[in-house]
2 protein chains.
Amino acid sequence: MKKNIRILDIAQKAGVSIGTVDRVLHQRGEVSEETREKILKIISDFNYRPNILASSLASKKVITIASLTPSAPDKDSFWSKPQDGIEKAVSQLGHYGIRLQPYHFKMENTATFTQEANKILESVPDGVLLAPWAKREALKFTRELDQRGIPYVFIDSTLKESNPISFIVQDSVQSGYLAAKLIDYGITQKSNIVIVHVTKDLQNANHLLLREKGFLDYLETVTGKMHRIIKIPSNEKEIADKLLGCLAEVKSIDAVFVTNSKVHLVAGFFDQFDHRPNIIGYDLISKNIDLLESGKIDFLLNQKPESQGFVATHLLFDHIVRKEKVKSANYTSIDIITRENIEYYSSI
Amino acid sequence: MKKNIRILDIAQKAGVSIGTVDRVLHQRGEVSEETREKILKIISDFNYRPNILASSLASKKVITIASLTPSAPDKDSFWSKPQDGIEKAVSQLGHYGIRLQPYHFKMENTATFTQEANKILESVPDGVLLAPWAKREALKFTRELDQRGIPYVFIDSTLKESNPISFIVQDSVQSGYLAAKLIDYGITQKSNIVIVHVTKDLQNANHLLLREKGFLDYLETVTGKMHRIIKIPSNEKEIADKLLGCLAEVKSIDAVFVTNSKVHLVAGFFDQFDHRPNIIGYDLISKNIDLLESGKIDFLLNQKPESQGFVATHLLFDHIVRKEKVKSANYTSIDIITRENIEYYSSI
DNA sequence: ACAAGTTCCGTGTTCGTTCACGAAGATAGA
DNA sequence: TCTATCTTCGTGAACGAACACGGAACTTGT
């Protein structure tokens, strides 16, 4: 069992002290170019990897990570889940001197985003996790972070114009594509398929449109069944009325694709009838889980929000503490959850 | 930011030295009952958690873990996957002084199991990971381990009569149940459904029977479609003939459930016809993946063998190094893989 | 009362790093 | 040539825990 090479070994090979090696490792100068190169060569020759245990033991510095996510009204709501994943990772990494400082903004008030972002900038964290919900404000924030050299990782979505060390998202188009496959697989002939968007402002909910795009792509290119497709954009209040209107027009609805976690509203609506369409939606919030388990929703696609928070935290950790280059693009799996496999499902 | 409590803090509170605290922590005696209890109380009062970094830094002992799994003919075969998961975990945990000693036995020769098991016993490892494939031999082995106080964790299946600190498996019945749901969801009327077992010795492949059981359970209790169900047990060579025979009898086969990874044989068979039944099977081996991606298999259920190896290793680590009580029963999720989500799927 | 053994406990070194401190040697200014 | 400053490097004390070693106090036998 060959032992790992240590700083002391490098020092001896180079004929210097560990202090000198340490200085080149941390590139804090005060070393002649000549010995620097000699040491650097030995380091790469012997493939030196610092012992992270000893490293974080000796380093008394605490690394503070700030997270900026939408505030979650309650424990079950969607945005509490990334938070859970972040907290789990941080508590696992606690011994490495990681501390978390969570900040929350109100989704309906973008000014609060800027407000909290400024608080973060004031606190000068070592890294930031954020959900770039308010695009314009997020971009301003990341520019500040870029300028100050503070690394950040995106959760849930990403911004093309910024420079995160990494982002972790789900491929929305592909998830819509998958949804269409599951819908189409469950119906054998030409059918009436409804796409429901439950949101106040569809044009600003880009990922919902991407899911729709994937969904339509599949139906147009793969299946040969020539389904009739009806789109229903609606806010929460009018959804029942709109569905009733749709039913009046097409007589029967065979399948419904709800592009976000509001699928419980749709499943609840169809509960009043004898026969319900196949229903597929997103996210394992408890209202959806209940309906899935009672057989009123067929499939839920999971975005793995806990996992996103967890992975994002580890990415930031690897970058800051281990100083490794991390994969910049990370995609979560698109998990299919049914009544039959939810019992064993673990979303992290 | 409250600092973690250290051994020194405990010692000071108890008015003793760190040596004494250390002795009670490692229960190696030489401490009076009185001070022992005082220290124990402080430890639990302040919820002391040893700093695992410092701990494994100071402890120069290497922990060797032996793994005993069926030998894998090639990189792609099923049994190389748990091995991958184990190795990944061990390499992550390398700094903690974990070393792995892998052993392999031949599935078709149970004597090799005993042979390798004896080698393991001779090497006196600190922990063992094993797939208890040969029941009788495995039982004998675990009894020896019990006697010597060597902890072990089961992968893939478990033995009721033994005392592992933990096992990690998939619920076979439930996976069959899920398969039936996916089959039934995809066909709208009374259909001909075939269950195919590809194995030399069905009676000794208990999990295949359990998968069948779950499958039948679902069809009997949940659906009302009164399908006709045909069971085909076969070895690899005769499978085409048997399917041909079946086709001759029932005219059309609407769906096929293959109870293990040999689903590629069945999908390959149906490739010669214009129309194929819905096909579902198990495991992400490359032959299956190819057929899934080319649209000749509808669903693959994944046992997550890499994850099983990974989790099992961590369980053993937590038990040996962190001395934590670990959950004894662990079930992997039953993941549904399709052509549309396999791209982003990560099995660990 | 004294040597020998027990019981109970403290001290000091080590693990691989980090980092503050300070000491040489080189260079420059006077 | 003598101080002053800079560059380059070594030393030693942490970090929190493990563990070997040895020392004091107490018991026992004679």
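Residue numbers begin at 1 in each chain, while the letters A, B, ... track the order of the sequences.
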Original post:
Which nucleotide in the list C:dC9, D:dC19, C:dT17 gets nearest to the side chain of B:Arg28?
Top reply: D:dC19
Original post:
Would you say D:dA17 has OP1 or OP2 under 4.0 Å from some side-chain N or O of B:Tyr96?
Top reply: no
Original post:
Whole-Å distance between C:dC15 P and B:Ile63 CD1?
Top reply: 18 Å
**OP:** Verify whether one side chain among B:Ser123 and B:Gln101 offers a donor that lies under 3.5 Å from an acceptor in the other.
**Re:** no
**OP:** Between A:Val16 and B:Leu8, just flag the one whose closest nucleotide in DNA chain D comes earlier from the 5' side.
**Re:** A:Val16
Subject >> Interatomic distance, B:Glu30 CD vs D:dC19 C1' [rounded to whole Å] >> reply: 12 Å
Original post:
Using 30° and 60° as the class limits, which term best fits the ring planes of B:Phe317 and B:His314: parallel, tilted or perpendicular?
Top reply: perpendicular
Original post:
Closest to the A:Ile18 side chain: D:dG16, D:dT11, D:dC15?
Top reply: D:dT11
Original post:
Given atom CG of A:Leu53 and atom P of C:dT17, what is their separation to the nearest angstrom?
Top reply: 10 Å
Original post:
Do B:Asn302 and B:Ser347 meet the criterion of a side-chain donor-acceptor pair at a distance under 3.5 Å?
Top reply: no
Subject >> A:Val31 side chain, from C-beta outward: closest of D:dC9, C:dT18, D:dC19 >> reply: D:dC9
Original post:
B:Gln27 CD to C:dC8 P: how many Å, rounded?
Top reply: 17 Å
Original post:
Would you say a side-chain N or O of B:Ser59 is under 4.0 Å from OP1 or OP2 of D:dA17?
Top reply: no
**OP:** Would you kindly compare B:Ser17 and B:Leu57 by the position of their nearest DNA chain C nucleotide and give the one closer to the 5′ end?
**Re:** B:Ser17
**OP:** Please examine the side chains of A:Leu68 and A:Phe141, heavy atoms only from C-beta on, and report whether any two atoms are closer than 4.5 Å.
**Re:** yes
Subject >> For atom CD1 of B:Ile52 and atom P of D:dA17, their distance in whole Å >> reply: 12 Å
**OP:** Describe the nucleic acid contact of A:Asn51 in one word from base, sugar-phosphate, nothing, applying a heavy-atom distance below 4.0 Å.
**Re:** sugar-phosphate
Subject >> Nucleotide nearest A:Arg6 when distance is taken to its side chain, options C:dG16, C:dC19, D:dA18 >> reply: C:dG16
Subject >> Interatomic distance, B:Arg23 CZ vs C:dG10 C1' [rounded to whole Å] >> reply: 8 Å
**OP:** Starting from C1' on C:dG12, measure out to CG on B:Asp22 and report it in whole angstrom.
**Re:** 13 Å
Original post:
Within the pair B:Ser32 and C:dC8, is there a side-chain N or O less than 4.0 Å away from OP1 or OP2?
Top reply: no
**OP:** Send over the distance from B:Leu25 CG to D:dA18 C1', rounded to a whole Å.
**Re:** 11 Å
Subject >> Output field: ring centroids B:Phe154/B:Tyr152 closer than 6.0 Å >> reply: yes
Subject >> Nearest-nucleotide comparison on DNA chain D, the residue closer to the 5′ end among A:Glu33 and B:Ser56 >> reply: A:Glu33
**OP:** Assign A:Thr35 to base, sugar-phosphate, or nothing according to its heavy-atom contacts below 4.0 angstrom with the strands shown.
**Re:** sugar-phosphate
